[in-house]
*Asks:* 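Pasting a structure below so you can have a look.
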Amino acid sequence: MLDKAFDPKTAEPRLYAEWEASGAFAPTPDPAAPAFSMAIPPPNITGALHIGHALNCTLQDVLIRFARMRGAAALWLPGTDHAGIATQMVVERQLAAEGNIGRRDLGRDAFVERIWAWKARSGGMIVEQLRRLGASCDWSRERFTLDEGLSSAVRKVFVTLHRQKLIYRDKRLVNWDPHFQTAISDLEVEQREVDGCYWHFAYPLEDGSGEIVVATTRPETMLGDTAVAVHPKDERYKHQVGKCVRLPIVGRPIPIVADDYADPDKGSGAVKITPAHDFNDFKVGQRHRLPMISILDTFARVNDNAPADYRGLDRLAARKKVVEAFEALGLLRGVENIRHVVPHGDRSGVAVEPYLTDQWWVDAGTLAGPAIAAVEQGATVFEPRNWEKTYFEWMRNIEPWCISRQLWWGHRIPAWYGPDGRIFVAETEAAATAVALEHYGRAEPLRQDEDVLDTWFSSALWPFSTLGWPDQTDDLKRFYPTDTLVTGFDIIFFWVARMMMMGLHFTGQVPFRRVFINALIRDAEGAKMSKSKGNVMDPLALVDAYGADALRFTLTAMSGQARDIKLSTQRIEGYRNFGTKLWNAVRFCEMNGCITVAGFDPGAARESVNRWIRGETLKAARAVTAALDTCAFDDAAGALYRFIWNVYCDWYLEVAKAILNGDDEAARAETRAMAAWVLQVVLKLLHPVMPFVTEDLWAKTALPGAPRDGLLIAAAWPDLPEGYLDPAAEAEIGFVLAAVTEGRSVRAELNLPPSARPPLVLVDASPVQREIFHAHAAAIAHTLRVGEVQSQGAAPEGSLTFVVEGATIALSVKGFIDVAAERARLAKEIAGHAADIDRTARKLANPDFIARAPEDVVEENRQRLAEAEDARARLEAARDRLAALG
RNA sequence: GGGCGGCUAGCUCAGUUGGUCAGAGCGCCUGGUUUACACCCAGGAGGCCGGGGGUUCGAGCCCCUCGCCGCCCACCA
């Protein structure tokens, strides 16, 4: 006998261990099985499982379990990401907290060693947390972006792209993060709105003929100005082009140049040009061959290229000092307070500097071409489709990708420098040394590039590097391209696009055929969850409170696309209850001896209610299958919920009670077998979403003699024959259910005491309807709480009358009810029909409608009108009878 | 500045190609000793589907326009 309810706390770890021990997470070696594979978006080793991971992984687990049950060689490959900056940050913070020396004092090797030690201790936490969710990853294939195999893939890719001139080293402006002391890519920069000022400075002309006013939000950069630009057609300045101004404070003469970049409508129309500290100015500088004077060091402090007074000052201190100097010189022409956006490092949170340095770049523009084409041609499809627009937009305007980072934790760039600065790019130091030997004709000391690669560089290879590439491994042949990538829209640029580029370039195939973009989870108020707001929901706490199944079902049910998910515990509680509901349905079946019968053929069922539920089961199975096939997770969850609760429990089991309590032995046996059969199908259909409770029930209901073949996780997905549909049974049971529903409503409205069991009288019904009612008399008596079913020509005195599918049905309740109340109820019903009749009749009276609407729609309305009129007539007759009674 | 998404019952959301589409869950109200389940059962109230205009025999559903709300990209010297 089952307990009162499922106990996730004890069952989940036990069941997970069983799955893992059974080897079910690994793809079947059966060569005939079609492959279905997914690579997990590798969580950062620094991360704790947050609710976004929970959603993302739940959906993947639903897909992989579904595929597995359908007989695929299903591989969900797990792993983690070394997360360069994030990890380095964590360990640096830890060093600081322990009062230890900083990383620079520690030295590179010791620091990196320290991170590995940290990783060994706490880096696996998130993987353990995934297990708690029920994630059925193949842990035997778990990878880490910095492990040996992936690292050699990274080197191979780097060297190959370099040889193909798609990776190059170049000195140009990058976004420099002064906090982390590294270059970052465009994508790692976020615009933040801050308060600032707009200063207007006068630059005197060198020949003393006047001044030219420029405006800036960054006065300190004027120390590096090398020109003033005006628009070539700007009459105000035409005569000054070619002259020089003397840069205040610095004393350097700088030219006034004509360039389209200057906008005559902005400010004075003249703009100061600081090529080494502004992306636009850099381009102007290139066009006019201006000197590029960098006046900041890597910490964004003023360097030795500036006047002595300013050296060593932080950029903000320098800003203040520059403004004061202009004021003192009488050259400050105005200042306004403004709110403007300033680029910040997304991790450090400090303002980034455009900074002139040597970095490694990927020619993303070239790689993007095939990646764009692949999506255009549908080789990879985004789901929902509209994300393709986002993808295209970015890819078609892509800029070179800065891939070098001045960090220590990551893939060291496989480039070595000779004494003369010559670069040798090779997969190993030995190879580089060999080339260098050949080049120099003698052994020269080589120095490896200090930098590491952007973390996303290795992530870009993830779908194939994890499968063993560049070796043509069996896994690579079998599981690449992967089928579906499930990820968030926030990393379409960072990750999806780059995997597309690298995958196509190195394997000639797309890395995945489908990209499912999952929603973003917010709190119940719709706010983005963040630690600072204190509104984060810890998925593990939710698992503790409600069980993993409840959380999974909630996330699945709410994963409707194109929308943020607002998560509330109330919702999770509701789906926990759903699990309990199923549990109790199984409990009921168990109590009634509904066990799986070997050789039972649902197709041969004779009882109409059994033929009906068989068809409903088929419909539910189809709905769930179709939904999961198209990543319509919410539809799958909805179909399961409705079928299990509103069809199987609310109706089938209630009607079945009448049979099970009856004395028709054949019917009882068939119903027991059918109830069990449906459950078996249901457990399978629900398993991908609620794996724990279904697996537990699967095991616990495996009564002696039941045809069970091992664990549910490995069971075959239901594939039910079309013949299970039975329109006749559907119509029959549909009529009974409609009558009971209407009867209940009438009872409640008239406040008929629940204990009252009035006879149910068929006043006017077709012979078929009468037959149906008598056949299901026990079920109707049980569900509608009525006495015997009588069939007679006239409504008994003092009765409640209702109309269902053209049958007039009465509850003989003389003495129980208030005649006036019944009269009022009938009047309301009649009025309702009248409104419907009026609307439909008007429609049918419209010649345009008759002429233009399709025939079936017209016919449908005719029928509807006829039915409504019939129902109204019947109710009017009942009213008249009531009136006759006085 | 460019783009995307949203605005449907008190709340959170479904509503496929325009023709019972006005729905679900939660909340609320009423009733319930119906032997699977109170994490339950039965019933009920509640919405000019953001505003306006248009196309159509017919529009939450298509077009135009306006209004809010959210996000992304670019940029403001």
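Just the heavy atoms: all of them, side chains too, but no hydrogens, waters or symmetry mates, feed the values below. Letters go in sequence order (proteins before strands), and every chain restarts at 1.
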*Asks:* Without decimals, in angstroms, what is the distance between Glu859(A) CD and G19(B) C1'?
*Replies:* 14 Å
*Asks:* Is the NZ or CZ atom of Arg385(A) both under 6.0 Å from the centre of the six-membered ring of Phe382(A) and within 45° of that ring's axis?
*Replies:* no
*Asks:* Using a cut-off of under 3.5 Å, enumerate the N/O to N/O pairs linking the protein to nucleotides 25-28 of chain B.
*Replies:*
unit_1 : atom_1 : unit_2    : atom_2 : d
C26(B) : O2'    : Gln570(A) : OE1    : 2.7
C26(B) : O2'    : Gln570(A) : NE2    : 3.1

*Asks:* Evaluate the ring planes of Tyr198(A) and His200(A), with Trp represented by its six-membered ring, and classify them as parallel (under 30°), tilted (30 to 60°) or perpendicular (over 60°).
*Replies:* perpendicular
*Asks:* State which residues pass side chain to side chain contact (heavy atoms under 4.5 Å, CB included) with Pro8(A); sequence neighbours excluded, sorted by chain then number.
*Replies:* Phe6(A), Glu12(A)
*Asks:* Quick one: label Arg576(A) by what it contacts on the DNA or RNA (base, sugar-phosphate, nothing), any heavy atom closer than 4.0 Å.
*Replies:* base
*Asks:* So, are Lys9(A) and Asp7(A) salt-bridged, with charged N and O less than 4.0 Å apart?
*Replies:* no
*Asks:* What nitrogen or oxygen pairs link the protein and nucleotides 54-58 of chain B at under 3.5 Å?
*Replies:*
unit_1 : atom_1 : unit_2    : atom_2 : d
C57(B) : OP1    : Arg852(A) : NE     : 2.8
C57(B) : OP1    : Arg852(A) : NH1    : 2.2
C57(B) : O2'    : Asn846(A) : ND2    : 3.0

*Asks:* Which listed nucleotide (G43(B), C72(B), C75(B)) is nearest to the side chain of Gln191(A)?
*Replies:* C75(B)
*Asks:* Regarding Ala262(A), tell me which of base, sugar-phosphate or nothing describes its non-hydrogen contacts under 4.0 Å with the strands shown.
*Replies:* base
*Asks:* G6(B) and A77(B): how far apart are their C1' atoms, nearest whole angstrom?
*Replies:* 36 Å
*Asks:* Do Tyr546(A) and Tyr575(A) have ring centres separated by under 6.0 Å?
*Replies:* no
*Asks:* Without swapping roles, check the side chain of Asn592(A) against the backbone of Cys594(A) for a donor-acceptor pair under 3.5 Å.
*Replies:* no
*Asks:* Under 3.5 Å, which protein N or O atoms sit close to an N or O of nucleotides 33-36 of chain B? Give each pair with its distance.
*Replies:*
unit_1 : atom_1 : unit_2    : atom_2 : d
U34(B) : O4'    : Arg785(A) : NH1    : 3.4
A36(B) : O2'    : Asn584(A) : OD1    : 2.7
A36(B) : O2'    : Arg587(A) : NH1    : 3.2
A36(B) : N7     : Lys657(A) : NZ     : 3.3
A36(B) : N6     : Cys649(A) : O      : 3.3
A36(B) : N6     : Glu654(A) : OE2    : 3.0
A36(B) : N3     : Asn584(A) : O      : 3.1
A36(B) : N3     : Ala585(A) : N      : 3.4

*Asks:* Rounded to whole angstroms, how far apart are CH2 on Trp583(A) and P on C40(B)?
*Replies:* 17 Å
*Asks:* Both atom distances under 3.5 Å, Watson-Crick or G-U wobble: I'd like the secondary structure of RNA chain B as a dot-bracket string, with | for pairs made across strands.
*Replies:* (((((((..((((.....[...)))).(((((.......))))).....(((((..]....))))))))))))....
*Asks:* Do Tyr641(A) and Asn646(A) meet the criterion of a side-chain donor-acceptor pair at a distance under 3.5 Å?
*Replies:* no
*Asks:* Among G43(B), A77(B), C75(B), which is the nearest nucleotide to the side chain of Val271(A)?
*Replies:* A77(B)
*Asks:* So, does Tyr648(A) use its side chain to make a donor-acceptor pair with the main chain of Ile613(A) at under 3.5 Å?
*Replies:* no
*Asks:* Counting any heavy atom closer than 4.0 Å, what does Thr217(A) reach on the DNA or RNA strands: base, sugar-phosphate only, or nothing?
*Replies:* sugar-phosphate
*Asks:* Residues in side chain to side chain contact (heavy atoms under 4.5 Å, CB included) with Pro354(A), at least two apart?
*Replies:* Leu173(A), Arg218(A), Phe279(A)
*Asks:* Determine whether a donor-acceptor pair (N or O, by modelled atom type, separation under 3.5 Å) exists between the side chain of Arg587(A) and the backbone of Leu2(A).
*Replies:* yes
*Asks:* P atom, G53(B) versus C61(B): distance in rounded Å?
*Replies:* 13 Å
*Asks:* Remember a base hit wins even if backbone is also touched, and classify Thr580(A) as base, sugar-phosphate or nothing at under 4.0 Å, heavy atoms.
*Replies:* base
*Asks:* Which word best sums up how the rings of Trp387(A) and Phe489(A) line up, parallel for under 30°, tilted for 30 to 60°, or perpendicular for over 60°?
*Replies:* parallel
*Asks:* RNA chain B: Val189(A) or Arg864(A), which has the more 5' nearest nucleotide?
*Replies:* Arg864(A)
*Asks:* Looking at Glu855(A) and Arg862(A), is there a salt bridge between them, counting it only when a charged N and a carboxylate O are closer than 4.0 Å?
*Replies:* yes
*Asks:* Rounded to whole angstrom, note down the C1' distance from C63(B) over to U20(B).
*Replies:* 26 Å
*Asks:* Once you round it to whole Å, what is the distance between P of A24(B) and CG of Leu640(A)?
*Replies:* 19 Å
*Asks:* For Ala229(A) and Asp186(A), find the nucleotide of RNA chain B closest to each by heavy atoms; which residue's nucleotide sits nearer the 5' end?
*Replies:* Asp186(A)
*Asks:* Within the structure shown, what part of the strands sits under 4.0 Å from Asn280(A) by heavy-atom distance: base, sugar-phosphate, or nothing?
*Replies:* sugar-phosphate
*Asks:* Between C13(B) and G50(B), how many Å separate the two P atoms, rounded to a whole number?
*Replies:* 15 Å
*Asks:* Looking at the angle O4'-C1'-N9-C4 for a purine or O4'-C1'-N1-C2 for a pyrimidine, is G60(B) syn or anti, with syn meaning within 90° of 0?
*Replies:* syn
*Asks:* Taking the same atom, C1', in C21(B) and in U34(B), what whole-Å distance lies between them?
*Replies:* 34 Å
*Asks:* If you measure from the C1' atom in C49(B) to the same atom in G18(B), how many Å do you get, rounded?
*Replies:* 15 Å
*Asks:* Relative to the ring of Phe493(A), is the ring of Trp394(A) parallel (under 30°), tilted (30 to 60°) or perpendicular (over 60°)?
*Replies:* parallel
*Asks:* Mind checking the C1' distance from G51(B) to C68(B)? Whole angstroms is fine.
*Replies:* 11 Å
*Asks:* Check for a donor-acceptor pair, side chain of Arg747(A) on one end and backbone N or O of Ala756(A) on the other, with a separation under 3.5 Å.
*Replies:* yes
*Asks:* Determine yes or no for a side-chain-to-main-chain donor-acceptor pair under 3.5 angstrom, with Asn861(A) supplying the side chain and Val857(A) the backbone.
*Replies:* yes
*Asks:* Roughly how many Å apart are G5(B) and U65(B), using the P atom of each and rounding to a whole number?
*Replies:* 15 Å
*Asks:* Of the nucleotides G43(B), C4(B), U12(B), which has the atom closest to the Met558(A) side chain?
*Replies:* U12(B)
